[in-house]
Amino acid sequence: MPTIIAVANGKGGVGKTSLAAHLAGLAALSGWRTLAIDLDPQANLARDLGYLERDENDGGEGLFLAVIASQTPAPITDVRKNLDAISGGPGTRKLSNNLAMGAHNLQNTGLDALRDALAPLVAEYDLVVLDLPPGEAYVQQAAFRMADHVIIPTTGDDAANDGLSLVLENYEAARAANPALTVLGIVVTQMQVGAKAMLRETIEDLESIVEGEVRIFEPPVRYAKKAARDCRHQGLLAFEYEEAMARAPKWWEARRSGAKAQSFADNAGGLAGDYQRLTEAILQAATAEAG
Ligand SMILES: Nc1ncnc2c1ncn2[C@@H]1O[C@H](COP(=O)(O)OP(=O)(O)OP(=O)(O)O)[C@@H](O)[C@H]1O
Ligand SMILES: [Mg+2]
C-alpha cells in the first residue's frame, strides 16, 4: 500500500504547493514510485512540476469524474522519472462545489468517493502527495479521508498559524471517518536565513499551539524569493534549477558570444538543500509510522 501524504494549510501562500512539488519530485528521484495529485483549482502544481502544457493536462476534469461517476482518472505519466501527476484546475472547482452540495447529507458519501475512485490507481505507487487548496473545506475533508498523514507548512505568522489551527480542527473531524490519519508534522517555510531569534520564537509559538504533540520538521525552508519565482516560471524544482545554473554559460562566455547572460538566484543551492533534507526527514517519519 502506498503512503498518502496531504499537504494542507487553510491559509494561502504558505508554500504548500512548493513543498508538495519538492516532496514528490525528490521522493521520485530517490526511487519511490510517486503520484502527485493537485486538488487545487488554481492548479499551481502544474507549473511547479512543469506539466502545464502537456496534452494530458485535463484541468481537474478527471478528479471531478472520479467523484461524480466513480471513474478512476488517468494520470499524466513520467512528469519525471518515477513521478506521475493528476492535474487540478476548473474541474477541481466543480468537484469542490459538488462535495459542498452533498454536505446536507450527514454521511456526505461524496467525501469517500474521491478515495474510492482513486484506490485502484493509488495502489500502483509507493507515495502519493496531495496538494490541497487553501480553504475548500470539503475538498480537505475528502483528502483527509484518503490520506495516511497530514503535513502542515506555515510561515509562522499569525494568519498562517490560524490556518494551521484550522487544519488541526478539520483533522480531528476527519479522524471519525479515517482513524488512522496522523499529523506527520509541521514545516516552517519562507524563513530568513540566520534569523535565529525569529526562528526560535516561531517554533515556540508552534509548540504552544500544538502543545508539543506534533513534530516540527527540520530544517525550515529558507526565504528565497527569486529562486522560488524562477523555479515556478521554468517548471523546475530547486535542485534542477541549481543544475541549470551550473550548466548555463558564464557571464563572460555569454558576453563573448553576444548572448544575454541569464541571471540566477544565488541561494538556490541552499533552497534545494533545505527541500532535500526535509524530504529525507518526512519520508523517514512516514516510514517509521508505517512500522
Ligand atoms: N522559499 C520561498 N521563499 C520565498 N518565497 C517563496 C518560497 N517558496 C514559495 N515562495 C513564493 O510564495 C508564494 C506561494 O507559494 P506556494 O504557491 O507554494 O504556496 P501555497 O501555500 O501553495 O499557495 P496557495 O494557498 O495559493 O495554493 C509563491 O509566490 C512562491 O513563489
Ligand atoms: Mg498551492
Side-chain angles (χ1 to χ4, degrees), residues 5-26 36-52 59-60 63 85-93 95-96 129-137 139-140 143 150-167 170 186-195 198-199 202 217-242 264-279 282:
I5 298 179
V7 182
N9 187 315
K11 177 83 175 75
V14 297
K16 293 180 291 296
T17 303
S18 306
L19 178 63
H22 282 87
L23 175 58
L26 287 162
I37 303 181
D38 188 353
L39 289 168
D40 189 346
Q42 300 178 98
N44 298 148
L45 194 64
R47 290 195 187 279
D48 286 8
L49 291 177
Y51 63 79
L52 191 63
L63 287 169
I86 299 185
S87 49
T92 334
R93 173 80 64 210
L95 178 154
S96 171
V129 179
L130 308 173
D131 181 26
L132 267 60
E136 315 275 0
V139 174
Q140 196 178 81
V150 184
I151 291 181
I152 314 173
T154 177
T155 55
D157 85 2
D158 286 345
N161 287 349
D162 287 346
L164 176 146
S165 300
L166 202 64
V167 171
N170 292 340
I186 295 169
V187 173
V188 177
T189 58
Q190 302 175 20
M191 181 56 55
Q192 215 98 41
V193 170
M198 183 160 70
L199 178 60
T202 301
F217 282 109
E218 289 267 12
V221 178
R222 74 192 54 202
Y223 184 83
K225 189 74 192 167
K226 179 173 164 53
R229 182 183 172 281
D230 287 358
C231 281
R232 179 158 288 175
H233 186 65
Q234 296 172 29
L236 297 175
L237 297 169
F239 73 92
E240 294 165 338
Y241 178 83
E242 193 190 4
F264 286 91
D266 51 16
N267 53 1
L271 183 65
D274 294 343
Y275 280 124
Q276 186 192 309
R277 287 170 56 203
L278 259 175
T279 298
I282 289 169

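In listed order, ligands and their atoms are each counted from 1. Position 1 is the first residue of the sequence; numbering continues from there.
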Beyond-backbone contact of Val187 with Val7, side-chain heavy atoms, under 4.5 angstrom: no
So, do Asn9 and Thr154 sit near enough that their side-chain heavy atoms are less than 4.5 Å apart? yes
Nearest heavy-atom pair of Leu271 and Ala227: which atoms, and what distance? CD2-CB, 4.0 Å
Verify, without hydrogens or angle tests, whether Thr189 (side chain) and Val14 (backbone) share a donor-acceptor contact under 3.5 angstrom. yes
Could you pull out every protein residue that has a heavy atom closer than 4.0 Å to ligand 1, ordered by chain and then number? Gly12, Gly13, Val14, Gly15, Lys16, Thr17, Ser18, Asp40, Gln42, Pro134, Gln190, Val221, Arg222, Tyr223, Ala224, Lys225, Ala228, Arg232, Leu271
Listed partners of Ala43 passing side chain to side chain contact (heavy atoms under 4.5 Å, CB included), at least two apart: Asp38
Given His233, Arg232, Lys226, Gln234, the one that forms side-chain hydrogen bond (donor to acceptor under 3.5 Å, both in side chains) with Asp230: Lys226
So for atom CZ, which belongs to Arg47, do other residues, nucleotides or ligands contribute more than 12 heavy atoms lying within a distance under 6.0 Å? no
Val188 and side chain to side chain contact (heavy atoms under 4.5 Å, CB included): which single residue from Leu278, Thr155, Thr202 fits? Thr202
Which pairs count as side chain to side chain donor-acceptor pair (under 3.5 Å) when at least one residue sits in residues 264-274, sequence neighbours excluded? Arg222-Asp274
Listing by chain and number, which protein N, O or S atoms are under 2.8 Å from the Mg ion (ligand 2)? Thr17 OG1
